[in-house]
Amino acid sequence: MNFTLKIWRQDGPKSPGRMVTYPVTGISDEMSFLEMIDVLNDQLVRNGDEPVAFDHDCREGICGMCSMFINGEAHGPNRLTTTCQLHMRSFKDGETIYIEPWRAAAFPIIRDLVVDRSAMDRVMQSGGYVSVNTSGNTVDANALPIPKPAADEAFQAAACIGCGACVATCKNASAMLFVSAKVSQLALLPQGQPERLNRAESMVEQMDLEGFGNCTNTGACEVECPVGISLDHIARMNRDFLHAKVAKKG
Amino acid sequence: MAKSGLLSSSLSKKYAMAATGLFLCLFLAGHLAGNLQLFIGGIQGQTAFNEYAHFMTTNPAVKLLSYLTYFSILFHAVDGVVLTVQNRRARPVRYAKERPAENAGWSSRNMMLLGTVMLVFIVVHMQNFWWKMHFGVVPTQMVEGVEMHDLHSVVMAFFGPENLYAMPAAGLYVVAMAAMGFHLWHGFESSFQSLGLRFDKFTPLIRGFGRTFSVVVPFLFAAIVVFIFVTQS
Ligand code: HEM
Ligand code: SF4
Ligand code: FES
């Protein structure tokens with residue numbers, strides 16, 4: 001298969017960037033999207049050019065690193081799919097493919113397609129944990145009874161891989177889906193109760209400080225999320241935050 | 001940031017947006033119920049409508065509601081602009097290639113545009129009738145010994161042949177009602193989500209009711225205008 005790629009190239013955080021056109025040829029339809037870029041980079045290096053910098057790690061759909069906005073959609077045209085799990089058979093031979101970095105004020109570009117997603121880490125640090133006593137005697141994780149539906153839903157929330165596709169997709173660059181998944185995975189479990197309201201409050205506060213946009217409830221995030229995180233979690237966070245504002249003492 | 005100010009956080013701004021938006025939906029239902037009397041013909045319709053208008057401008061409880069309505073519109077509009085400006089700032093550089101229709105409905109992506117059309121309409125509409133009722137010279141009608149503003153005749157004249165601008169005005173009214181329909185198509189359901197009211201059994205009902213409301217209410221408002229315009233000319 002042959003493709004015309006239009007890729008965002010930018011030397012560094014402060015440098016101006018631009019879309020550059022590259023033809024690639026001899027691509028197998030069984031290649032993943034990242035392997036296709038490996039082929040391009042191989043060509044570029046052979047010609048003495050700078051390869052396209054892009055994030056990737058596991059290449060098996062679990063780490064969330066492979067951030068790319070492909071043909072106007074986060075992680076490309078397929079649903080429930082990361083870029084590393086996207087295959088070239090999902091494209092038409094001869095197609096022009098746009099490849100851009102996540103665009104958000106909160107995700108500054110480091111180089112080419114690589115963006116700095118540490119804003120998400122700071123949101124986690126602000127409250128995405130439970131405080132447990134780890135001195136000496138370990139508590140059996142199964143000592144506390146947890147209803148199956150709650151466990152299932154917490155597990156679903158915990159599936160978030162922190163890829164940032166929700167932010168990249170949202171017309172407002174809002175991080176609500178990510179933050180709400182991280183709030184929910186603990187809010188649904190007994191271990192998460194003591195810090196529940198503080199957590200919702202602090203994480204929303206940090207989310208705002210990082211410069212993510214507000215939520216218009218367009219639902220685009222839910223459609224583009226590679227692991228199918230649901231808007232239910234956003235509603236739960238909206239309830240918890242409101243509860244914190246109305247009822248929390250101190 | 002969020003800890004102190006009631007409205008400084010992103011979520012609080014949305015709670016306010018949702019609360020004012022839903023209150024305005026209630027207002028719309030009331031306003032429509034009154035306006036439907038414009039379909040009634042003859043002196044009977046005239047009297048019914050003028051009595052309603054008289055009640056709306058003199059009853060103290062309704063006065064309170066009307067102040068709440070003015071406040072809600074202003075607050076909703078200002079809050080909407082603030083949210084929209086922040087949202088634009090959150091994505092300073094746009095994508096070269098965008099396919100927004102792949103994952104979100106048109107209404108949800110154009111709330112500010114739709115709101116602006118409605119705001120223009122609200123200003124024009126208030127000037128057309130509210131201003132005249134409050135500060136202009138309006139003919140009167142005697143109903144059971146009480147002198148009332150004859151708002152019915154004002155409305156008929158406004159969309160009648162004696163008004164040069166009846167046609168563009170009716171056009172603006174109809175366009176604004178279409179905008180309102182799209183605004184509420186997304187907005188009604190969205191406000192429940194903003195308030196965290198999303199549950200498996202309840203949300204489909206909200207969606208169904210909201211979409212019905214967003215089609216029926218603007219349609220009836222617009223139908224009244226078209227009806228008067230056609231019957232007067
Ligand atoms: C009768 C008039 C109106 C009604 C009934 C109404 C209703 C609503 C409702 C129910 C929502 C959803 C709130 C949410 O998502 O939580 C909404 C959102 C919105 N409204 Fe209105 N609205 C009205 C007029 C206006 C006007 C005049 C403006 C103009 C400036 C406006 C601008 C917006 C914007 C920008 C949003 C989306 C905010 C966001 O989520 O980002 N609306 N409206
Ligand atoms: S919610 Fe989905 S799209 Fe957002 S960061 Fe988590 S996995 Fe990625
Ligand atoms: S590289 Fe790990 S999810 Fe794609």
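Any value given below was found using the heavy atoms of this structure, including those in side chains, with hydrogens, waters and symmetry copies removed. Sequence lines set the chain letters: A, B, ... in the order given, protein chains first and strands last, and positions in each chain run from 1.
Here the straight-line distance linking atom CG of A:Asn214 with atom NZ of B:Lys14 works out to 8.0 Å at 0.5 Å rounding.
Counting heavy-atom pairs closer than 4.5 Å to chain B, the top-ranked of the candidates A:Ala244, A:Ala235, A:Gly213 is A:Ala235. Between chain B and the options A:Leu231, A:Ile234, A:Val167, A:Val223, the largest number of non-hydrogen pairs under 4.5 Å is found for A:Leu231.
Both the backbone and the side chain of A:Arg103 come within contact range of chain B, each with at least one heavy atom under 4.5 Å from a heavy atom of that chain. Residue B:Arg88 does not touch chain A at all, counting heavy-atom pairs closer than 4.5 Å. Neither the backbone nor the side chain of B:Phe192 comes within less than 4.5 Å of any heavy atom of chain A. Proximity to chain B is limited to the side chain of A:Glu222, based on heavy atoms less than 4.5 angstrom apart.
Under the 3.5 Å distance criterion, the side-chain polar atoms of B:Arg198 are left unmatched by any main-chain donor or acceptor of A:His233. Checking side-chain atoms of B:Asn103 against main-chain N and O of A:Glu224 turns up no donor-acceptor pair under 3.5 Å.
Relative orientation of the B:Tyr15 and A:Phe241 rings is tilted, given thresholds of 30° and 60° on the angle between their planes.
With A:Thr216 as reference, B:His186 is the one residue of B:His186, B:Arg109, B:Met17 to meet the side chain to side chain contact (heavy atoms under 4.5 Å, CB included) rule.
If you check the side chains of A:Asp208 and B:Ser9, you find no donor sitting under 3.5 Å from an acceptor. A side-chain donor from one of A:Asn217 and B:Ser194 sits under 3.5 Å from a side-chain acceptor of the other.
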